[in-house]
A.B. asks: 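The structure's right below; bear with me while I get my questions together.
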Amino acid sequence: MSDETLIFRREGNLAWLGFNRPVSRNAMTWDMYNALEASCVQLAEDDSVHAVVLHGVGGEAFVAGTDITQFAHFTKPQDALDYEQRIERVVSGLETLNKPTIAMIEGFCVGGGAALAMACDFRYCTPSLKFGVPIAKTLGNTLSITNVSRLIDMVGVARTKEVLMQAKLFNADEAYQAGLVNNVFSPDTITTEVTAIANEFSRRAPLTLQASKALVGRVQAQRRAALEAGNDWVTTCYMSDDFKAAVDKFVNKTSFEWTGR
């Protein structure tokens with residue numbers, strides 16, 4: 001069920017999934033996405049698991065996005081579309097998992113990490129939280145329209161534009177006020193607090209939990225079905241000179257300036 005960069009462990013009725021690349025702030029590789037997708041499929045079939053907690057290893061980050069080095073091989077529009085479809089498949093699998101999911105967030109939760117956290121039912125963080133999608137400052141790519149929809153559902157239109165257009169990173173207090181996180185705990189107590197919250201689900205009516213999550217999901221799915229496709233902007237951004245230059249800057253430590261092309 002797990003790859004060495006995605007650690008799976010059981011504690012009674014709880015399943016813990018740990019993103020384990022602390023030297024890279026747990027940036028996601030393709031193998032990590034694949035392992036997470038496979039884990040969600042298997043957990044859905046395990047009736048002995050009452051809740052799932054996702055967390056980053058190392059205390060510095062939940063997930064700091066997708067590993068940027070993997071973008072160096074994007075050469076054609078289909079590469080960008082395949083990537084966004086792959087991410088959406090993984091995020092959707094987590095979002096629709098038939099049991100409560102909790103993101104326990106320490107430090108950076110950005111880009112793809114933000115998408116994974118938003119797909120969880122509950123989010124708890126420490127005061128070190130940095131939550132956002134700073135791609136207007138870093139890569140010059142774009143979120144899929146579905147992930148933009150998730151962000152709007154969480155924080156509203158005005159704050160979504162702050163996150164995407166101003167590359168704003170929310171701190172813990174701002175995230176709590178915006179409704180992104182359910183509570184803020186100290187680094188010393190967050191694991192204990194989250195464990196207690198997760199264990200409570202074993203004392204709740206299983207069918208009510210499943211029905212509540214499924215019905216909320218249906219409402220969201222109906223709203224998203226009305227969205228226009230965003231593939232035009234996905235290919236425009238990922239195939240741009242700016243994106244290629246930004247990836248090259250990360251991989252080879254080169255300099256560049258935005259051109260809008």
Side-chain angles (χ1 to χ4, degrees), residues 1-73 82-126 128-131 133 143-144 146-147 150 181 187 190-191 194-195 197-199 201 213 250:
M1 179 180 291
S2 65
D3 171 82
E4 66 274 7
T5 53
L6 183 72
I7 300 173
F8 173 83
R9 63 186 171 91
R10 283 286 300 267
E11 289 184 1
N13 296 122
L14 302 185
W16 292 74
L17 293 174
F19 303 108
N20 185 32
R21 292 185 74 215
V23 296
S24 302
R25 289 179 174 169
N26 302 322
M28 297 287 285
T29 64
W30 303 149
D31 286 342
M32 290 171 74
Y33 280 121
N34 292 340
L36 177 57
E37 183 177 23
S39 293
C40 287
V41 170
Q42 294 185 44
L43 285 167
E45 299 172 352
D46 190 343
D47 292 337
S48 69
V49 173
H50 292 172
V52 181
V53 180
L54 291 84
H55 66 100
V57 173
E60 187 179 348
F62 177 71
V63 168
T66 298
D67 188 328
I68 293 173
T69 61
Q70 298 172 132
F71 293 133
H73 305 293
D82 288 347
Y83 166 71
E84 288 295 341
Q85 290 167 5
R86 172 190 229 159
I87 299 305
E88 179 53 32
R89 189 177 67 245
V90 176
V91 173
S92 179
L94 175 60
E95 187 175 47
T96 57
L97 184 61
N98 61 350
K99 51 201 73 206
T101 54
I102 297 174
M104 186 177 77
I105 307 168
E106 299 175 275
F108 287 90
C109 181
V110 297
L116 292 173
M118 288 190 295
C120 292
D121 299 311
F122 306 92
R123 285 155 296 283
Y124 300 94
C125 73
T126 61
S128 64
L129 174 71
K130 294 291 184 292
F131 183 101
V133 188
L143 288 185
S144 69
T146 309
N147 278 323
R150 288 187 178 99
V181 298
I190 187 168
T191 300
V194 167
T195 299
I197 292 166
N199 278 324
F201 290 113
K213 181 165 183 172
F250 179 86

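Since this is a predicted model, take the numbers as computed values, not measurements.
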A.B. asks: With rounding to the nearest 0.5 Å, note down the distance linking SG in Cys109 to CE in Met104.
C.D. replies: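 The SG atom of Cys109 sits 12.5 Å away from the CE atom of Met104.
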A.B. asks: Do Arg9 and Glu11 pass the salt bridge (charged side-chain N to carboxylate O under 4.0 Å, His left out) test, and can you show the C-alpha distance, the side-chain angles, and the key distance before you say yes or no?
C.D. replies: CA-CA 7 Å; Arg9 63 186 171 91; Glu11 289 184 1; 2.3 Å; yes
A.B. asks: Looking at every heavy atom in both Lys99 and Asp121, which two are closest together, and how far apart are they?
C.D. replies: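 Result for this residue pair: O-OD2, 3.7 Å.
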A.B. asks: Check whether the side chains of Thr5 and Asn20 place a donor and an acceptor atom closer than 3.5 Å, and report yes or no.
C.D. replies: no
A.B. asks: Where the side chain of Gln70 meets the backbone of Trp30, is there a donor-acceptor pair that is under 3.5 Å apart?
C.D. replies: yes
A.B. asks: Step by step, work out the side chain to side chain contact (heavy atoms under 4.5 Å, CB included) result for Trp16 and Thr191.
C.D. replies: CA-CA 11 Å; Trp16 292 74; Thr191 300; 4.2 Å; yes
A.B. asks: I would like to know whether Cys120 and Ile102 meet side chain to side chain contact (heavy atoms under 4.5 Å, CB included); could you show each step before the answer?
C.D. replies: CA-CA 6 Å; Cys120 292; Ile102 297 174; over 6 Å; no
A.B. asks: Are Asp46 and Arg10 ion-paired here, with the side-chain N under 4.0 Å from a carboxylate O?
C.D. replies: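 Answer for the salt bridge query: yes.
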A.B. asks: Any idea which heavy atoms bring Gly56 and Asn26 closest together, and the distance?
C.D. replies: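 It is CA-ND2, 3.5 Å.
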A.B. asks: Evaluate the side-chain proximity of Leu143 to Val133: yes if any heavy-atom separation is below 4.5 Å, no if none is.
C.D. replies: yes
A.B. asks: Do Phe71 and Phe250 have ring centroids that are under 6.0 Å from one another?
C.D. replies: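 No.
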A.B. asks: List the atom of Cys40, the atom of Leu94, and the distance in Å for their closest heavy-atom pair.
C.D. replies: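 For Cys40 and Leu94, the tightest heavy-atom pair comes out as SG-CA, 3.9 Å.
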A.B. asks: Quick one, Leu36 with Phe19, criterion side chain to side chain contact (heavy atoms under 4.5 Å, CB included). Give me CA distance, side-chain angles, the key distance, then yes/no.
C.D. replies: CA-CA 9 Å; Leu36 177 57; Phe19 303 108; 4.2 Å; yes
A.B. asks: Atom CD1 of Ile190 and atom NE2 of His55: how far apart are they, to the nearest 0.5 Å?
C.D. replies: 11.0 Å
A.B. asks: Quick check: Tyr83 with Tyr33 (ring centres under 6.0 Å apart)?
C.D. replies: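 Ring centres of Tyr83 and Tyr33 not closer than 6.0 Å.
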A.B. asks: At what distance, to the nearest 0.5 angstrom, does CD of Glu4 lie from CE of Met32?
C.D. replies: 10.0 Å
A.B. asks: Taking atom types as modelled, find out whether Asp67 and Thr69 have a side-chain donor-acceptor pair closer than 3.5 angstrom.
C.D. replies: yes
A.B. asks: Taking all non-hydrogen atoms of both residues, which atom of Ala51 and which atom of Ala198 are closest, and how far apart?
C.D. replies: CB-O, 3.8 Å
A.B. asks: Are Phe108 and Phe62 near enough that their ring centres are under 6.0 Å apart?
C.D. replies: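 Here the rings of Phe62 and Phe108 have centres that are no less than 6.0 Å from each other.
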A.B. asks: Working note: Phe131 + Val110, criterion side chain to side chain contact (heavy atoms under 4.5 Å, CB included); need CA distance, chi angles, decisive distance, verdict.
C.D. replies: CA-CA 5 Å; Phe131 183 101; Val110 297; over 6 Å; no
A.B. asks: Any side-chain heavy atom of Phe122 within less than 4.5 Å of one from Ile197?
C.D. replies: no
A.B. asks: Any chance you could measure Cys125, atom SG, to Glu106, atom CD, to the nearest 0.5 Å?
C.D. replies: 10.0 Å
A.B. asks: Calculate, to the nearest 0.5 Å, the distance between atoms NZ and CD belonging to Lys213 and Glu95 respectively.
C.D. replies: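 Lys213 atom NZ to Glu95 atom CD measures 8.0 Å (nearest 0.5 Å).
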A.B. asks: When you compare the side chains of Ser144 and Thr146, does any donor N or O come within less than 3.5 Å of an acceptor on the partner?
C.D. replies: no
A.B. asks: By the definition side chain to side chain contact (heavy atoms under 4.5 Å, CB included), identify the one residue from Asn98, Thr101, Val49 that meets it with Leu43.
C.D. replies: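 In the set Asn98, Thr101, Val49, the residue that makes a side chain to side chain contact (heavy atoms under 4.5 Å, CB included) with Leu43 is Val49.
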A.B. asks: So does Ala117 get a backbone contact from the side chain of Arg123, meaning a donor-acceptor N/O pair under 3.5 Å?
C.D. replies: yes
A.B. asks: Output yes when Lys130 and Glu60 qualify as a salt bridge under the 4.0 Å nitrogen-oxygen rule, no when they do not.
C.D. replies: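 No, Lys130 and Glu60 are not salt-bridged.
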A.B. asks: Do Asn199 and Asn13 have side chains that get closer than 4.5 Å, going by heavy atoms?
C.D. replies: no
A.B. asks: Check Thr66 against Ala27 and note the closest heavy-atom contact, atom names and distance.
C.D. replies: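 Minimum heavy-atom contact is C-CB, 4.3 Å.
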A.B. asks: Can you tell if the side chain of Val52 reaches within under 4.5 Å of the side chain of Pro100, non-hydrogen atoms only?
C.D. replies: no
A.B. asks: At what distance, to the nearest 0.5 angstrom, does CD1 of Ile105 lie from CG of Leu129?
C.D. replies: 6.0 Å
A.B. asks: Grab the two heavy atoms, one from Met118 and one from Asn147, that are nearest each other, plus how far apart they are.
C.D. replies: CE-O, 4.2 Å
